[in-house]
There are 2 protein chains.
Amino acid sequence: MSDAIVDQVRRFNRIVTERVGALNDHFLGRERPLGEARLLWEIGLDGCELRVLRARLGLDSGYLSRLLRSLEAARLVKVAPVDGDQRVRVARLTAAGRRERAALDERSDELAQSLLAPLSSNQRERLVAAMHDVERLLSAASVQITAVDPEHPDAQYCLAEYVAELNCRSERGFDPSVGATALPHEVRPPAGEFFVAYLHGEAVGCGAVKHRADAPAEIKRMWIAPRARGLGLGRRLMERLEGCALAGGARVAHLETSAVLVEAIALYRSTGWVEVPAFNDEPFADHWFEKALT
Amino acid sequence: MSDAIVDQVRRFNRIVTERVGALNDHFLGRERPLGEARLLWEIGLDGCELRVLRARLGLDSGYLSRLLRSLEAARLVKVAPVDGDQRVRVARLTAAGRRERAALDERSDELAQSLLAPLSSNQRERLVAAMHDVERLLSAASVQITAVDPEHPDAQYCLAEYVAELNCRSERGFDPSVGATALPHEVRPPAGEFFVAYLHGEAVGCGAVKHRADAPAEIKRMWIAPRARGLGLGRRLMERLEGCALAGGARVAHLETSAVLVEAIALYRSTGWVEVPAFNDEPFADHWFEKALT
DNA sequence: TCGGTTTTCTGACTAAGGTCAGAGAATGTC
DNA sequence: GACATTCTCTGACCTTAGTCAGAAAACCGA
């Protein structure tokens, strides 16, 4: 990677994150410790389970407990056990807590305004566009693709979204149990593999490979969450799936798709897949593709 | 300011500065406290006076002293008095300190690489371009224009650079003591005012106003440091100078300029100044401008 | 030479942020 | 019903980061 590129990223890291980050902390942490302010914000208006907070903020359980005691003492938060599992507890904001959170929100707005104020409207537009790009691309860069068991809740979530989307976009609907299936045992090692893409710990995409002895491997259930589209994630996921198929011994891969998935079809065409005559009788498919793996 | 714009800035602040900032700190602070790491980096290969370090990093003098003792104990830094003024001391890196600093540098590179690695080269280019824009525009936004005494060192520095640039760009040279002058007493209240633009505490531009009773005010000595050009700073500075002239009672402002300052001339034309016949006999001027103030 | 200023250092102190080990209650699994 | 696991809490402890007041030395201007 060229030095100029790395230098720009380093300069950005130093100047922007340190300066704006420090400003941010200063604005938010004015009345109470930053940790508490962040926690208050993260609990949100609907409350949040402690274990989720712990995961999202990366806190030690003891530390989180202490922060919550402090917020409880200030009557900003109430912690209560959750129905169904008495071990799990949820933190909820009190009325005062919601007011405090609104004040944090307002300070965050003030900070944003103060950053923008000295700029001309033309410059503001450019800044916002550039911020949007940076945010999207850094998000894209932080996506991680992991092999996961097809019955893992994250995998199941993605599959449900995949089916729901097909049902919603296609007039004839979609039934995953009919035709060329991808049952858990078919996409779990050694028969195949299931991958989930995570963005900040959240599942935002999936895809599966079915290995087939002496026959083309099959790519199945490829899906990207709407909010994660446009990040080049489909391409990365596909690379991973093809790599998996190749590692499983395949020289050629197959996939079939519905005509309503126009973005997916465009992706396939642009990454070396060629349309071929139907190689199976999947009732919900309109296009069949093939690719030689290298 | 529209909500969408403020929201984007807030999202950027939260996601980018917190996430990348935390990563940054984590990478840099792996082996030693962050404060020490930053200090080590800031001392630089050529050493640095303590008072400068204190100002640049915004540290308490007691705290800085302690940090330096700790770095000295680790044999990474030597602090010695400076020739000429025995009160002032400079911190210099030892050989081990330079190695340590190089290691920090390397980690910073690694971080940049790891951010970029998952992206396609097309995405990388877009990211770097967007980072560059964000950095420039946030820099622009953080510039502060302050009224300063014309004999203040920062004012003198800007004036010297201004003269040097004119001397360098113009064949006939430039002598500020000839013709339409801007002597300290002429641009100091109540006769006039001198402004300096600061970027991160550094003087990056200047401009002066000479009030004249019942006559057009004069704009003088307008200069922007080369590295701060393209930030829309000229326009902001000019707004400030015009405001000052207006507040001083003028309804019209005058300025004259050399033909070699093509960017400046473009700025004048685009901000409502109109070229008029010579209104003085400044020997180094080629163009004379006038603007009605509102 | 004297008083004021600049620069650094030291000691005493504080808050924030965080880690670790273990306890205790609820729940799931065999 | 025994046992392992999950989730939260408590107490003890630590480092980092930072503040404040004052002392000591060097310097500057009159």
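Chain letters run A, B, ... following the sequence lines, proteins first, then strands; residues in each count from 1.
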(request) Answer yes or no: does atom CZ of A:Arg11 have more than 12 heavy-atom neighbours from other residues, nucleotides or ligands under 6.0 Å? (result) yes
(message) Rounded to whole Å, how long is the line connecting atom CD of B:Glu31 with atom P of D:dT16?
(response) 13 Å
(message) Taking any atom closer than 4.0 angstrom to a non-hydrogen atom of chain A, what span of DNA chain C does the protein reach, first nucleotide to last?
(response) C:dA16 to C:dT27
(request) Could you tell me whether B:Glu202 and B:Arg227 make a salt bridge, using a distance below 4.0 angstrom between a side-chain N and a carboxylate O? (result) yes
(message) Taking A:Glu31 first and then A:Arg107, would you say they form a salt bridge - that is, a charged N and a carboxylate O separated by under 4.0 Å?
(response) yes
(message) Output the rounded distance in Å from NE2 (A:His26) to P (D:dA17).
(response) 19 Å
(request) Would you mind classifying the nucleic acid contact of A:Leu34 as base, sugar-phosphate or nothing, using non-hydrogen atoms under 4.0 angstrom? (result) sugar-phosphate
(message) Without decimals, in angstroms, what is the distance between B:Glu36 CD and D:dT15 P?
(response) 13 Å
(message) In whole Å, I'd like the distance from the CZ atom of A:Arg54 to the C1' atom of D:dC9.
(response) 11 Å
(message) With nearest nucleotide decided by heavy atoms, which residue, B:Val90 or B:Arg66, maps closer to the 5′ end of DNA chain C?
(response) B:Val90
(request) Could you tell me whether B:Asp60 and B:Arg54 have a side-chain N and a carboxylate O separated by less than 4.0 Å? (result) no
(message) Counting only side-chain heavy atoms from C-beta out, which of D:dA26, D:dT8, D:dT16 sits nearest to A:Arg89?
(response) D:dT8
(request) Test salt bridge (Lys or Arg N to Asp or Glu O under 4.0 Å) on B:Glu186 and B:Lys220 and set out the steps. (result) CA-CA 11 Å; B:Glu186 296 175 309; B:Lys220 311 286 299 180; over 6 Å; no
(message) Among residues at least two apart in sequence or on other chains, which ones pass salt bridge (charged side-chain N to carboxylate O under 4.0 Å, His left out) with B:Arg51?
(response) B:Glu49
Which pairs would a plain distance check flag for residues 17-29 of chain B, meaning a side-chain donor or acceptor within less than 3.5 Å of a matching protein atom at least two apart in sequence or in another chain?
residue : atom : partner : partner atom : Å
B:Thr17 : OG1  : B:Asn13 : O            : 2.2
B:Glu18 : OE2  : A:Arg38 : NH1          : 3.4
B:Asn24 : ND2  : A:Asn13 : O            : 3.4

(message) Using a strict threshold of under 4.0 Å (side-chain N to carboxylate O), is an ion pair present between B:Glu193 and B:Lys210?
(response) no
(message) Taking B:Glu135's backbone N and O only, do any of them form a donor-acceptor pair with B:Ser139's side chain (distance below 3.5 Å, no angle check)?
(response) yes
(message) Quiz question: by atom type and distance under 3.5 Å, do the side chains of B:Trp223 and B:Glu165 form a donor-acceptor pair?
(response) yes
(message) Quick check on A:Glu110: does its CD atom have over 12 non-hydrogen neighbours (other residues, nucleotides or ligands) under 6.0 Å away?
(response) yes
(request) Return the 5'-most residue of the pair B:Gly35, B:Asp85 with respect to DNA chain D, ranking by each residue's nearest nucleotide. (result) B:Gly35
(message) Any residue in residues 40-52 of chain A with a heavy atom nearer than 4.0 angstrom to DNA chain C? Just list them by number, or reply none.
(response) none
(message) Does this structure show an ion pair linking A:Arg188 with A:Glu151, if we count only N-O contacts that are shorter than 4.0 Å?
(response) yes
(message) Does either side chain, that of B:Thr94 or that of B:Arg98, offer a donor lying less than 3.5 Å from an acceptor on the other one?
(response) no
(message) What is the distance, to the nearest angstrom, from the CG atom on B:Leu59 to the P atom on D:dC20?
(response) 14 Å
(request) May I have the distance from A:Tyr63 (atom OH) to D:dT16 (atom P), rounded to whole angstrom? (result) 16 Å
Below 3.5 Å between N/O atoms, which protein atoms pair up with nucleotides 21-24 of chain D? Just atom names and distances, please.
none

(message) Can you list, in residue-number order, the parts of residues 68-84 of chain B that come under 4.0 Å of DNA chain D, counting heavy atoms only?
(response) B:Gly84
(message) If we ignore hydrogens and angles and just use 3.5 Å, is the side chain of B:Glu72 paired with the main-chain N or O of B:Val79 as donor and acceptor?
(response) yes
